[in-house]
Every structure is written in C-alpha cells, then in structure tokens.
J.: 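To start, I am sharing the structure in question, which I have written as structure tokens.
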Amino acid sequence: MCGIVGYVGEKVSLPILIEGLRRLEYRGYDSAGIAYRNGKGIGVCKAKGKIGDLEQLLPVPFPEARTGLGHTRWATHGMPSARNAHPHVADGVAVVHNGIIENYQELKQELLSEGHRFLSETDTEVIPQLIVKYLKKGLPPTDAIKAAAAHLKGSYAVGIMCEAQPDTLFALKKGSPLALGFGENEYFFASDMTAILPYTRKFILMEDGQICTMTPRGLTLEYTNGDAAVMVVEKIIEVDWTPSMTEKEGYEHFMLKEIHEQQRTVAETLQGCTDLSQQLPNDLGLPAGMLQKVRRLQIVACGTSYHAGLVGSYIIERFARLPVDVAIASEYRYRDPLLEEGTLFISITQSGETADTLAAQREAKRRGAAVLTICNVPGSTASREADYVLYTKAGPEIGVASTKAFTSQMTLLYVLALAFGVQRGALSLEDARSCTAQLLSLAGHIETTLKTSDSIRPVAETLTGAKGFLYLGRGINYPIALEGALKLKEISYIPAEGCPAGEMKHGPIALIDGQTPVVVVAPADDLFEKILSNIEEVKARGGRIIAITNKPASLAHKADAIIEVPDVHPALTPFVTVIPLQLLAYHIAALKGCDVDQPRNLAKSVTVE
Ligand code: AGP
C-alpha cells in the first residue's frame with residue numbers, strides 16, 4: 001500500500017508535498033518522489049529509500065511551483081528503486097498511484113505494440129501512457145483521463161498532472177482511499193486525511209468511479225462514466241483531529257506515544273457511547289429495537305482487529321448470552337458464508353480501508369445481512385458502506401502496530417455486550433450499571449499499568465537475543481496472548497506464537513527449551529489455577545516464564561520475571577494485560593534497533609488483497 005498527496009493553490013507546493021509524504025510514510029516507505037509544475041513543464045524528483053533520501057535531491061531553492069503531487073511507495077510490482085518510484089511520467093503527464101492495476105500486462109503489451117515506451121517495471125506506468133494515448137487523439141485532459149480509466153481493472157487512487165492544463169490536478173478513485181481537502185483558494189488530495197491536517201480539517205472522501213478536477217479557483221467532482229456528481233456539500237466532513245495528534249510530541253516513536261494515549265482514548269471512546277447520568281450504554285446511535293431483533297453475531301476482521309473481535313465474542317456471549325462467530329476476513333469472504341435470519345454482521349477495522357475486511361463486509365451486505373462497522377476513521381470506506389457505524393475515538397493511529405485502536409475497539413465491544421445484555425434481558429440494569437462503572441474506572445487502571453514501562457525495559461534487555469517466543473493465555477486472555485505475539489513479531493521480527501494455554505500440551509510444548517521465553521497472561525481469575533499448572537509444565541522443561549499478573553506473590557517462585565498489573569474486574573483484565581505486552585514488544589524492538597513505526601514488509605492499512 002502506498003501514500004499519495006497533491007496540492008494546487010497559491011503557496012509553494014514542495015514543502016506541502018514533503019510534509020504530506022512524511023505523514024503518509026507509515027503507509028509505505030521503500031521509495032518516494034514528487035512532480036511539480038515548473039516553467040518548462042513538469043519537474044520530477046524520485047529516490048529509493050525514505051522521504052529523507054528524496055529531500056536530498058530536491059532543487060534548492062524550491063521552485064516556485066504551486067501545483068504538485070507526491071508519492072511514497074510500498075512496492076507491489078517492481079523492486080524498490082528510483083526507476084520504479086512514482087511519479088511516473090509520459091509525454092507531459094505525471095501520475096502517482098496507490099493500488100494495483102490487475103490487467104497491466106495486457107494493457108502494457110497493447111501500448112508497446114502501439115509504440116509506447118516504458119521505463120519502469122511497475123503496473124502504474126500504464127496509466128500515464130493510456131492518458132497520453134487519448135490526449136494524442138485530441139481529447140481534452142479530463143476526457144482522456146476518463147477514457148484511460150475505462151481500461152483499468154483493479155484498485156486505484158490516482159493523482160494526475162498534465163502539462164497541457166497548468167495549475168490543475170486530477171484525481172481518480174476506485175477501491176483505494178482518497179480524501180479531498182478544502183482550503184482557502186487551495187485544494188489537496190491525499191490517501192488519508194492526516195497528511196493534510198496542518199492545512200485543513202474539511203474533507204470529502206471520494207467515492208469509487210469519481211474523478212476530481214481541482215484548480216486554485218475551485219474543484220469539481222464527477223463520475224468517470226459520465227454521470228455528473230453534483231458537489232454534495234453535506235458530504236464535506238470536518239474532523240476534530242488536530243495536527244499535533246499526528247506528531248510524536250516528544251516520544252521517540254508514534255507507537256510509544258499511542259500506547260501512552262490509551263487511558264485517554266479508552267475514556268473518550270466510552271464517553272461517546274455511555275449515558276453517564278444513567279451509568280449505562282446510550283443508544284449507540286442505533287435504531288430503537290434493533291438490538292432485540294438480533295439472534296446471532298458474526299464478527300469479521302484482520303490482525304489486531306480480529307483479536308479485538310475474539311475478546312468481544314467472550315464478553316458478548318457472557319453478558320448478553322448471544323452466540324457470536326468470529327472470522328478472519330480473508331477466509332470469510334471466500335467460504336460462502338451462512339447468514340441466517342437475525343444475524344448482525346460486525347466488521348472491525350481501524351483504517352476502514354482494509355481490502356479483505358471491506359470485501360467480507362460487502363459479501364455480507366450482498367447476502368442481506370445488516371452490517372455494523374467498528375471503525376476509527378471518519379468517512380472511511382467501511383464507515384460509508386455499512387448500515388451502522390460505531391467510531392472508536394482513538395484519533396489518528398500512525399504506528400503500523402495497532403495499540404490504542406485495539407483497546408478502543410474492545411471498549412466498544414464491551415459497551416455493545418452490555419447494551420445487548422440489557423435489551424435481551426440477559427443482564428439486569430443493576431449488573432449493567434456495575435459493569436459500566438467498572439469500565440468508566442478503567443482509565444485510572446490503564447494509567448497505573450502504563451507505569452510498568454520502566455520495569456519492562458530491563459526485562460526486554462534480557463530477551464532481545466531470543467530466537468522465538470511462546471505466548472499463553474486462557475479464556476478472555478487467550479486473544480491477548482495472540483495480540484502480544486503479533487505485536488512482538490511484527491515490530492521485532494522475532495518469531496512468536498500465541499496459543500491457548502490449555503492447547504500447549506497438544507503440540508506447542510515441543511518448542512520449549514532453556515532458551516524459549518514463555519510469556520504467560522495470568523490474571524487471578526477463575527482459570528488462574530489452570531494457568532499455574534501450565535506454568536509448572538513450562539518450568540519442568542526449562543522454559544523461561546515472563547508472567548503478566550495481578551497476583552505476583554502467587555508466582556514469586558515460578559516466574560523468571562513478573563510484570564504486575566492492577567486488580568480489575570476479571571472481565572476487564574484484557575485492558576490491563578495487553579499494555580505490558582505492547583510495551584514488551586516495543587522495548588525489545590527498540591533495543592534491537594528495529595524501525596518500530598515502519599516495520600519491514602508491513603503497511604498501516606492493507607488496501608490490496
Ligand atoms: C496490527 O498491529 C497490524 N498492523 C495489522 O494486523 C492490522 O491490525 C490489520 O491489518 C487490520 O487493519 P485494520 O484494523 O485497519 O482493518
């Protein structure tokens with residue numbers, strides 16, 4: 001997945017493009033480039049590596065260009081190199097692209113046979129070549145772009161600049177996200193709103209099949225199939241995000257900042273969905289009577305969001321006595337899913353743009369299910385296509401490894417469980433009030449837990465050389481074991497497996513030797529004795545135990561390291577047990593010198609299949 005940004009207006013464009021690319025770098029960072037209007041035509045700078053490498057190549061002083069576009073790449077077709085970096089230019093047409101052109105070989109062969117010459121190995125380069133083909137047939141730029149778009153199969157968010165039409169940018173959208181920003185006599189496009197937050201908070205999220213033409217004098221939106229899209233003013237959203245939310249504010253990494261924001265983000269998410277005077281969930285913005293009609297839930301997501309869904313399934317079944325199935329989106333979408341009458345489909349997605357989750361959501365909708373999405377980005381595709389939306393109030397999450405979005409997702413799932421429980425008569429108002437009060441007191445417990453960070457770093461220092469980890473948990477903390485393993489492997493590149501503690505003897509126990517750190521999530525709940533037995537099994541085979549617990553005394557002679565967490569209601573332990581695992585992964589990765597915010601091979605939102 002890549003990041004694209006464009007500017008047209010009265011300011012010098014290069015600083016805006018570079019700042020935008022810096023804010024998009026978490027989406028992909030193996031090469032970058034910009035294109036800008038100069039007196040002679042289109043100037044281009046491209047570099048393998050990160051934005052900093054590109055900045056070394058920029059002309060000094062910056063050209064007075066007031067129109068430009070930029071790109072930061074996560075390679076799909078063609079190795080990371082300056083030659084394959086975007087923008088791709090053909091005869092006065094410059095293009096940046098996020099997505100995949102699935103039929104590019106066929107198009108490339110056809111264009112080569114017509115005499116077009118290609119410089120790169122990318123799929124993207126067919127786009128400027130197609131536009132040039134139609135410009136040479138005499139079509140004006142907008143029509144040439146529409147004609148070219150008609151050939152493209154796959155997903156794309158494209159920024160285009162044509163020499164033939166100075167101080168104008170074009171944007172095309174199908175399948176990959178693209179936000180339009182509105183300033184004073186200046187307009188922007190970007191793969192996500194955070195890239196242009198310093199300049200505006202007013203956005204329209206483009207829809208599939210739309211083409212945008214923007215100049216300093218105004219912006220038009222229309223459909224590539226010819227249907228004119230009247231500028232639907234109410235579609236302009238104003239986000240309450242601030243530029244500082246997308247800066248590190250003194251932290252070494254975004255991930256560490258976002259881990260430490262969780263006491264606030266959980267509290268803010270709760271505020272949006274609880275009636276504090278009643279100490280109960282509010283109506284969650286859902287239609288009256290909707291929850292009573294639900295007979296079954298299907299929760300579908302990827303990665304960390306999937307782990308949140310697993311926690312939710314335990315909680316909803318416990319508080320609401322409602323059957324819940326949880327599925328990985330990339331599996332769900334291809335297994336001819338069963339959606340019985342009364343099933344509510346819930347997607348969970350921080351970005352709202354994950355291709356597999358969107359496809360699963362669309363499949364459920366196509367089969368007639370009601371669709372609710374739990375999402376963190378206002379106006380994202382998932383939020384626009386769902387029937388109902390519950391927003392996590394985590395603010396922009398920049399670190400590729402998801403942390404604050406995860407605890408905010410869990411927060412909404414807990415509130416949903418209470419709401420279902422009350423509506424279905426499975427939970428008394430008194431119990432619901434007690435649980436809500438416990439949720440509302442979480443911020444303090446999270447703050448206490450965050451203070452373990454200093455005690456975790458010395459533990460991390462002893463573990464950076466480990467060749468592999470095992471994470472164990474039971475019941476509601478089994479998904480937390482999975483999440484801890486994912487956090488570690490995705491930012492430190494150390495293999496890590498999460499498994500239900502009771503499952504260890506069915507295979508994973510073979511992994512244990514004197515070098516294997518075993519992280520055990522062991523809060524004192526009704527499964528505590530069972531997990532103590534699992535710890536004994538590990539110790540008997542020489543494994544090293546790192547225990548996350550609120551009963552340190554019980555583990556004093558069993559664990560090699562103990563990370564103490566506060567006492568909370570057993571059903572709420574995931575909120576305090578996940579934080580030490582986030583911090584452990586962070587410190588190990590940072591000590592190893594890994595690129596914590598932009599781990600290799602990963603992207604923040606996987607907008608391609
Ligand atoms: C989490 O740390 C990962 N970056 C990844 O698993 C992520 O949770 C997954 O790609 C889903 O993303 P989404 O929530 O934006 O759909």
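Predicted model only: the values in this text are computed from it and were never measured. Every number for a ligand or one of its atoms is a count from 1 in the order of the listing.
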J.: Given M255, E490, Q409, which one has a non-hydrogen atom that is nearest to atom 2 (O) of ligand 1?
T.: E490
J.: Quick one: look up the protein heavy atom nearest atom 11 (C) of ligand 1 and list residue, atom name and how far away it is.
T.: C302 O, 3.5 Å
J.: For atom 6 (O) of ligand 1, which protein heavy atom lies nearest, and how many Å away is it?
T.: G303 CA, 3.2 Å
J.: Taking all atoms of both residues into account, what is the closest heavy-atom pair of A179 and L205, and its distance?
T.: CB-CD1, 3.9 Å
J.: So which heavy atom in the protein is nearest atom 15 (O) of ligand 1, and how far is it from that ligand atom?
T.: S351 OG, 2.7 Å
J.: Give me the residue, atom name and distance of the protein heavy atom closest to atom 4 (N) of ligand 1.
T.: V400 O, 2.8 Å
J.: H97 vs Y156 aromatic rings, parallel, tilted or perpendicular, using cut-offs 30° and 60°?
T.: tilted
J.: Which of the atoms of ligand 1 are close to A401, meaning less than 4.0 Å from one of its heavy atoms?
T.: 2 (O)
J.: If I apply the N/O under 3.5 Å rule, does T357 come out as touching ligand 1?
T.: no
J.: For H86, which residues count as a ring pair (Phe, Tyr, Trp, His ring centres under 6.0 Å) partner, sequence neighbours excluded?
T.: H71, H88
J.: Should you measure from each heavy atom of S305, which atoms of ligand 1 turn up under 4.0 Å away?
T.: 8 (O), 13 (P), 14 (O)
J.: Which ligand 1 atoms does S402 reach within 4.0 Å, using its non-hydrogen atoms?
T.: 1 (C), 2 (O)
J.: What heavy-atom pair brings S347 and T373 nearest, and what distance separates the two atoms?
T.: OG-OG1, 2.7 Å
J.: Mind jotting down which residue pairs meet the ring pair (Phe, Tyr, Trp, His ring centres under 6.0 Å) criterion with at least one end in residues 453-478? Sequence neighbours excluded, please.
T.: none
J.: Hey, what do you get for CD (Q582) to CD (E483), rounding to the nearest 0.5 Å?
T.: 7.0 Å
J.: Give the minimum heavy-atom separation between A157 and I4, together with the two atoms involved.
T.: O-CD1, 3.4 Å
J.: Checking D356 against R333 for the salt bridge (Lys or Arg N to Asp or Glu O under 4.0 Å) test, could you report, in this order, the C-alpha distance in whole Å, the side-chain angles of both residues, the deciding distance, and whether it holds?
T.: CA-CA 7 Å; D356 287 322; R333 62 184 292 199; 2.8 Å; yes
J.: Over all heavy atoms of both residues, which pair between L178 and A171 is shortest? Give the atoms and the distance, please.
T.: CD2-CB, 3.7 Å
J.: What protein heavy atom sits nearest atom 7 (C) of ligand 1, and how far off is it?
T.: T304 N, 4.1 Å
J.: Return the residue, atom name and 0.1 Å-rounded distance of the protein heavy atom closest to atom 10 (O) of ligand 1.
T.: V606 CG2, 4.3 Å
J.: Would you mind finding which of I374, T403, D356, T354 brings a heavy atom closest to atom 12 (O) of ligand 1?
T.: T354
J.: Please confirm whether K487 approaches ligand 1 to less than 4.0 Å, judged on its heavy atoms.
T.: yes
